[in-house]
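Contents: one structure, followed by commentary.
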Amino acid sequence: MSPSVSLFIGLRYWRARKDTQFVSFITFFSVVGIALGVAALIIVTSAMNGLEGRLKHRLLGTVPQVVVTPSKPVSDYQPLLDQVANHQGVRGGVPLVATEAMLQGDGQLSAVQLLGVEPAQELEFSGIGNHMLQGSLADLTPGKYGIVLGSKLVRDLNLMLGDRIKVISATGASYGPMGRVPSQRNFTLVGVFEIGAQVDGALAYIHVNDAAKLTRIGSGKVSSLRLYLDDAFAAPQIAQELKAQFESAADTVNISDWRQQYGTLFSAVKMEKNMMALLLTLIIAIAAFNVVSALVMMVTDKTADIAILKTMGLGRAQVMGVFSVQGMTSTVLGVLIGGAVGFVVALNLQNVLSALGIWLLPPGQALPVIINYGQIATIMLGALLLSYLATLYPAWRASKIQPAEALRYE
């Protein structure tokens, strides 16, 4: 018999269920379960993509992505900068003096990563200029000892624009009669930025010349070079390539990337994303088991029909095809409905949440959504594959029915 016979009979069994209402009830809920699972997985994955993308754009656009640190501070850094900035995948580089410091203001102390930058070059590559609440990075003038802080630091230290704050750096400490004395100087708050991430409470900018004086590395010198990349997630690979490039260099050059400080944060986001995907995939798996239940009962109900069809020449493979078609029809319907609903809701997720009065982020901040069509295709194909595998056992049981035994008492 033609394979189209299996398709015809399978679709006929799927539509005609007047005498199998309980099977129809289970099949209905399997369709709903698959649709909900696919829709939820698309929505959650798109939202997690958006949050990861925002974190990548905002956080990694402001912190050092790849840092090239010579063995000692240098004043003539341009040849080294030209060498590393021309590497494939590197968008540009800027001089940097980085150190750990303590900020003292209004009786409070806060630890920060202090970045000494050249404002004009930093604004050319960094996205920090797009996140300024007050002032500008361009207000950092050499010799004026201005400082730009994150909004959380400003709140914690109870500061206002123009206030003075003491910066204490362990780098550049000197020895006096009382022992080791850390380098310290008063700075004036000239700008406030807000990234919406942990750097708002852990990052401070000053002018590179002021940083050189504070850390006592020498006027006009820098301690390292900061590289901006086309893709911040390519930092590990580029760092390894640069290390290989400098292996034969006479002077030792240390190369690090953002993972040293912020890798755990992105690892946590990735793990949460994977766990959510696993949990929602289980919903699809449960719905697939409902398909198995419906097919098993259908095979039991249609035993005599199967026996008659086999006596008429329907082969085992075609019998399996009949029930595979019946089970996959429900699955395809559920996947299409779930895919359409998930895509539409993901596109309008913030409007849906607002209508329900739900704000997952602080009021005024829209929930970012990035729809990855490759992921949507993978989710839908994965649901189809999982459900197809679920139909194989009931279909195989149906193909094993012996006509003589099944029709003995008919």
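Heads up: numbering here begins at 1 and tracks the sequence.
- Side-chain N or O atoms of Asp163 include one that pairs as donor or acceptor with a backbone N or O of Met160 at under 3.5 Å.
- The closest side-chain heavy-atom distance from Leu51 to Pro368 is below 4.5 Å.
- Side chain of Thr45 to backbone of Ile42: no donor-acceptor contact under 3.5 angstrom is found.
- With sequence neighbours excluded, the residues forming a side-chain hydrogen bond (donor to acceptor under 3.5 Å, both in side chains) with Ser151 are Glu194, listed by chain and number.
- Residues forming a side-chain hydrogen bond (donor to acceptor under 3.5 Å, both in side chains) with Asn158 (at least two apart in sequence, or on another chain): Asp106.
- Partners of Gln83 by side-chain hydrogen bond (donor to acceptor under 3.5 Å, both in side chains), not counting sequence neighbours: none found.
- Checking side-chain atoms of Gln134 against main-chain N and O of Val192 turns up no donor-acceptor pair under 3.5 Å.
- Of the inter-residue distances, the one linking Met132 atom CE with Asn130 atom CG reads 11.0 Å to the nearest 0.5 angstrom.
- Residues passing the side-chain contact (heavy atoms from CB on, under 4.5 Å) test with Val208 are Val97, Glu118, Val222, sequence neighbours excluded.
- Checked against side-chain hydrogen bond (donor to acceptor under 3.5 Å, both in side chains), Asn86 has no partners two or more places apart in sequence or in another chain.
- Of the possible polar contacts, one joining the Asn372 side chain to the Gln375 backbone as a donor-acceptor pair under 3.5 Å is found.
- The salt bridge (charged side-chain N to carboxylate O under 4.0 Å, His left out) search around Asp156 returns Lys152, not counting sequence neighbours.
- Applying the 6.0 Å contact sphere to CZ of Phe125 captures more than 12 heavy atoms from other residues, nucleotides or ligands.
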